[in-house]
Amino acid sequence: MINNTIKIQLPDGSTHQKPRGTTSLDIAGDISSGLARNVLAAKVNGSVMDAVVPLESDSELKLLTWDDPEGRDAFWHSSAHLMAEAIENLYPGVKFGIGPSIDQGFYYDIDPGDYEITQDALPAIEKKIKELAKEKQTFKRTAISKKEALDHYTAKGDEYKVELIQELEDGHISFYQTGEFVDLCRGPHIPHTGFIKAIKLLSIAGAFWRGDESRKQLTRIYGISFPKKKLLEEHLQMLEEARKRDHRKIGRELEIFAFSHKVGAGLPLWLPKGAELRERLENFLNKLQKEAGYQKVITPHIGNVNLYKTSGHYQKYGQDSFRPIETPHEGEAFMLKPMNCPHHCELYNTRSFSFRDLPVRYAEFGTVYRYEQSGELHGLTRVRGFTQDDAHIFCTPDQLKREFKGVIDIILKIFKALDLKDYEVQVSLRDPGDSEKYIGSRENWEKAERAILEIVEERDMKTRVEYGEAAFYGPKLDFMVKDALGREWQLGTVQVDYNLPIRFQLEYTGSDNQKHRPVMIHRAPFGSMERFVAVLLEHTAGKFPLWLTPEQVAILPISEKYHTYAENILSLLHNSHIRGQVDQRAEKIGRKIRDTELKKTPYMLIVGEKEEQNNQVSVRKQGEGDLGTMDPERFIQLIKTITKEELNV
RNA sequence: GCCGAUGUAGCUCAGUUGGCCAGAGCAGCUGAUUUGUAAUCAGCCGGUCGGCGGUUCGAAUCCGUCCAUCGGCUCCA
């Protein structure tokens, strides 16, 4: 007897007996019609598929909605198809590259052929998409053989899809059709286009086919869509807010840094407030490093080209660097240093070391210069001249783990002092399939990789392990942080290096009285001071921690009569190393408060007749309001306590 | 570097199809006001309209080119 019922188990543990061939959507409908309206896709026995696929055997089912990342993926991917359909409608004969969902929305790459699709076309495309969405077109899936697929697109003259299909395995190829539009696609898709209630095409940009600079540049249109109009409004609102946190805007407003095209693109100018802020960051790190046994060194901004030939950087990056400068008579060539490690290796080579001397830790705030392509420059996050909080640790292979851990702990202390919680650690290891390309012994690599993995485990850090991302000379660990618009940046980095010790012939004498190679660790907790400050500006929206902020206290006299008293208070603050100023303008107190609030100065001391008589100050906290009056001494204690807590890491 | 867009005062922006000496708010300066928890009032200063070249009787406006910026792509020792 054929059993025509199947058992479906839902995540809540409940099981349902259903006829064979029931779809996920049917099951959703049985639970509630509301759920049926919200089901975007289904996860059946762990794999995500269309909600309209009939279930043929006992299954574990998870219904995916907007609340599930996979649900949103299907939604956005379907939106990309819909956009392509609209574009094909408006521009018959265009060819399509790939059109995936991304973190926030989707894009599609288009070869417009003879058409010219620019920003101005977006509203019309958007309008067309909305029309098509209302038709509630279904996404019709057809499994197709590789040959059929190739024939289809060859006939169409679509070289992009042909190239994609050629890389696919026969038997795993499918087409999806919405309306007249057929697209090569693995799926899954949402039940029908009517789910897409709100869509916005955000930007248009060139994008090289398959990310390859040497190949054709396609037109990429980015968009985002939602199942509810309100969600789109909220998203656009969020983007607006993010723009307000842009470090380029806040950095100018708070007078942290500036650029001048007369100085040069990508060459940041640190204004006095920015320079002082940076100095505080550097001092903080200096202190941590001193405690951790680092020694400070200083090396010049240029180095002989031969130094970089020794390190290997010249061969690899020389053509893409600032041209070397030459001495007038001898014609000796020097490079602006793109990194500090070769200099530090030469420092190491100035004497001999025994195993008892290791580890040696050389630290320097080293300013380096790298030629970045003009289109890539971006505020303080991507510049051509920047300062690394660089250090190189020379140690024995056995010391590696301990040293690595020491570095991680410094970085964690810094992140804590700056209240940076939203970061992810990326561990880059060897590609297991290609052990040939790596320098250094297998044994050492294994030791290093194991050490790194153990450390992130011990410290319980949110980690993403990337195999094959390690450099040829060693594994590494990067701290990744997102900016206001969700773009990811690398801040702190720790990198093991088996290569430079060989190239620079670094040695130490072991207990066996033999010469050995030390291992090198490159590390920079901030990464670059420029980028770090940029990310910090966006994370705090300019409201820096009290210990770091340029002006901690603004003293606001009610009128000119209290200027002397205000100045006396300021002296008290200065005696306690608290940074502040008196606002001596002939403005009303409301105006002074407003301006100070906008400058994000954390504390305001309002002083007038009452305060002077009672020898007190009236304290107001930025963003919060009046805290009442207190003795100046008590206020000073308050500031000291807070900064001490912030820095007691 | 590539695709697209943008560039008017320190900042944010107006300047209709080319047409008298280019406008506003904020900031700045000067003066008045001496103020109690998010903008006091008045006057003034400030611009080679990103640079250079061209078209035109006439260019912020049209064309070319270079520079810079923005959104992406590519790259990132």
Side-chain angles (χ1 to χ4, degrees), chain A residues 107 109 112 116-122 202-222 243 246 248-249 252-253 255 258-266 308 311-318 320-321 337-342 368 370-379 381-384 386 388 471-473 476 485 487 489-490 493 495 497 499-500 522 528 531 556-563 585-599 604-611 618-629:
Chain A
Y107 67 79
D109 285 345
E116 210 174 304
I117 302 179
T118 65
Q119 221 167 50
D120 303 335
L122 298 185
L202 296 166
S203 66
I204 185 162
F208 296 106
W209 171 235
R210 317 217 82 178
D212 185 340
E213 218 173 350
S214 67
R215 307 195 65 179
K216 184 155 183 182
Q217 191 160 47
L218 306 178
T219 301
R220 176 172 295 179
I221 298 180
Y222 284 91
R243 273 189 272 276
D246 192 318
R248 293 166 296 194
K249 179 174 151 65
R252 182 173 54 225
E253 286 167 359
E255 298 171 35
F259 286 95
S260 157
H261 69 96
K262 289 180 182 165
V263 173
Y308 297 99
S311 71
H313 293 114
Y314 187 78
Q315 293 83 325
K316 193 150 193 265
Y317 297 102
D320 298 314
S321 299
K337 73 174 166 186
M339 50 193 330
N340 304 298
C341 29
V368 297
R370 296 178 184 177
Y371 173 77
E372 302 290 355
Q373 297 192 94
S374 58
E376 186 52 45
L377 300 172
H378 181 94
T381 49
R382 200 65 194 280
V383 289
R384 286 178 174 164
F386 58 97
Q388 295 178 315
F472 73 93
Y473 51 80
K476 65 172 177 173
L485 285 168
R487 291 174 294 213
W489 298 97
Q490 177 206 306
T493 179
Q495 193 148 0
D497 190 341
N499 179 44
L500 286 185
H522 309 251
S528 107
R531 180 177 289 180
L556 313 180
I558 295 290
S559 82
E560 204 176 344
K561 291 180 214 153
Y562 313 106
H563 280 188
R585 295 176 305 165
E587 295 289 351
K588 289 203 196 170
I589 194 67
R591 175 58 180 273
K592 292 182 184 176
I593 287 168
R594 183 185 148 81
D595 290 346
T596 313
E597 287 278 346
L598 292 176
K599 271 162 59 188
M604 284 158 253
L605 297 182
I606 290 151
V607 293
E609 190 179 357
K610 276 186 297 183
E611 288 77 9
S618 181
V619 181
R620 182 188 163 100
K621 190 161 183 214
Q622 199 271 352
E624 290 182 25
D626 197 352
L627 298 186
T629 55

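So you know, we letter chains A, B, ... as the sequences are listed, proteins then strands, and number each from 1.
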Run the side-chain contact (heavy atoms from CB on, under 4.5 Å) check on Phe208(A) and Glu213(A) step by step: do they pass?
CA-CA 6 Å; Phe208(A) 296 106; Glu213(A) 218 173 350; 4.0 Å; yes
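Counting non-hydrogen atoms under 4.0 angstrom, Gly608(A) reaches a base of the nucleic acid. When heavy atoms are screened at a 4.0 angstrom cut-off, Ser311(A) is found touching no nucleic acid atom at all. In this structure, Glu253(A) reaches neither bases nor backbone, as no heavy-atom distance under 4.0 Å exists between it and the strands shown. Residue Glu609(A) is in base contact, counting any heavy-atom pair closer than 4.0 Å across all strands shown. Heavy atoms of Lys316(A) sit nowhere under 4.0 angstrom from any nucleic acid atom. The residue Ser203(A) sits close only to the backbone: its heavy atoms come under 4.0 Å of sugar-phosphate atoms, none of a base. Using a 4.0 Å heavy-atom cutoff across all strands shown, Arg620(A) reaches at least one base atom of the nucleic acid. Glu611(A) comes within contact range of at least one nucleobase, with a heavy-atom separation under 4.0 Å. Nucleic acid contact for Thr596(A): none, since no nucleic acid atom lies under 4.0 Å from a heavy atom of the residue. Among the atoms of the strands shown, base atoms are found under 4.0 Å from some heavy atom of Ile204(A). Residue contacts shown for Arg382(A) include a base, since a base heavy atom lies under 4.0 Å away. When heavy atoms are screened at a 4.0 angstrom cut-off, Ala471(A) is found touching no nucleic acid atom at all. Among the protein residues, Ala205(A) comes within range of the nucleic acid bases, having at least one heavy atom under 4.0 Å from a base atom. At a threshold of 4.0 angstrom between heavy atoms, the contacts of Gly375(A) include nucleobase atoms, whether or not backbone atoms are also involved.
Distances shorter than 4.0 Å separate none of the side-chain N or O atoms of Lys621(A) from OP1 or OP2 on U37(B). In this structure, Arg591(A) reaches the U40(B) phosphate: one of its side-chain N or O atoms is under 4.0 Å from OP1 or OP2. The side chain of His378(A) places an N or O atom within less than 4.0 Å of a non-bridging phosphate oxygen (OP1 or OP2) of G71(B). Using a 4.0 Å cut-off, some side-chain N or O of Arg248(A) falls inside it from OP1 or OP2 of C70(B).
Distance from the side chain of Gln217(A) is smallest for C3(B) among the nucleotides U34(B), C3(B), G36(B). Residue Arg252(A) has its side chain nearest to U12(B) when only U35(B), U12(B), A38(B) are considered. Residue Ala207(A) places its side chain closer to C73(B) than to any other of U69(B), C75(B), C73(B). Of all nucleotides listed (A77(B), A68(B), G36(B)), A68(B) comes nearest to the side chain of Ala265(A). Among the nucleotides C75(B), U40(B), A77(B), the one closest to the side chain of Met339(A) is A77(B). Taking every side-chain heavy atom of Ile606(A) into account, G36(B) is the closest of C76(B), G36(B), U34(B).
A salt bridge between Arg210(A) and Asp212(A) is absent, with no side-chain N of the basic residue lying under 4.0 Å from a carboxylate O of the acidic one. A salt bridge links Arg620(A) with Glu597(A): the closest approach of a Lys/Arg side-chain nitrogen to an acidic carboxylate oxygen falls below 4.0 angstrom. For the pair Lys599(A) and Asp595(A), the salt-bridge criterion is not met [side-chain N within less than 4.0 Å of a carboxylate O].
Judged by distance alone, with hydrogens and angles left aside, the side-chain atoms of Lys216(A) form no donor-acceptor pair with the main-chain N or O of Trp209(A) at under 3.5 Å. Of the possible polar contacts, one joining the Lys592(A) side chain to the Arg585(A) backbone as a donor-acceptor pair under 3.5 Å is found. At least one donor-acceptor pair closer than 3.5 Å links the side chain of Arg384(A) to the backbone N or O of Glu372(A).
A pairwise comparison of heavy atoms in Val383(A) and Gly266(A) identifies CB-O, 3.3 Å as the closest pair.
One donor-acceptor pair, N or O on each side, does fall under 3.5 Å between the base of A39(B) and the side chain of Arg594(A).
The distance between atom CD1 of Ile589(A) and atom P of A39(B), rounded to the nearest whole Å, is 12 Å. Regarding Ile117(A), its CD1 atom lies at a distance of 20 Å from the P atom of G72(B), rounded to whole Å. For Lys592(A) and A38(B), the NZ to P distance is 15 Å, given to the nearest whole Å. Residue Asp595(A) contributes atom CG, which lies 7 Å from atom P of A27(B) at whole-angstrom precision. Distance, Leu377(A) CG to C75(B) P: 16 Å, rounded to whole Å. Rounded to a whole Å, the CD atom of Glu587(A) is 13 Å from the C1' atom of A42(B). A straight line from CZ of Phe259(A) to P of G10(B) spans 19 Å, rounded to a whole angstrom. We find that NZ of Lys216(A) is positioned 12 Å from C1' of C3(B), with the value rounded to whole Å.
Both Asp212(A) and Tyr562(A) sit near RNA chain B, but only Tyr562(A) has its closest nucleotide nearer the 5' end.
In this structure, U65(B) forms a base pair with G51(B), meeting either the Watson-Crick or the G-U wobble geometry with both donor-acceptor distances under 3.5 Å.
Judged by ring centres under 5.5 Å apart and planes tilted less than 30 degrees, Tyr222(A) fails to stack against the six-membered base ring of G72(B).
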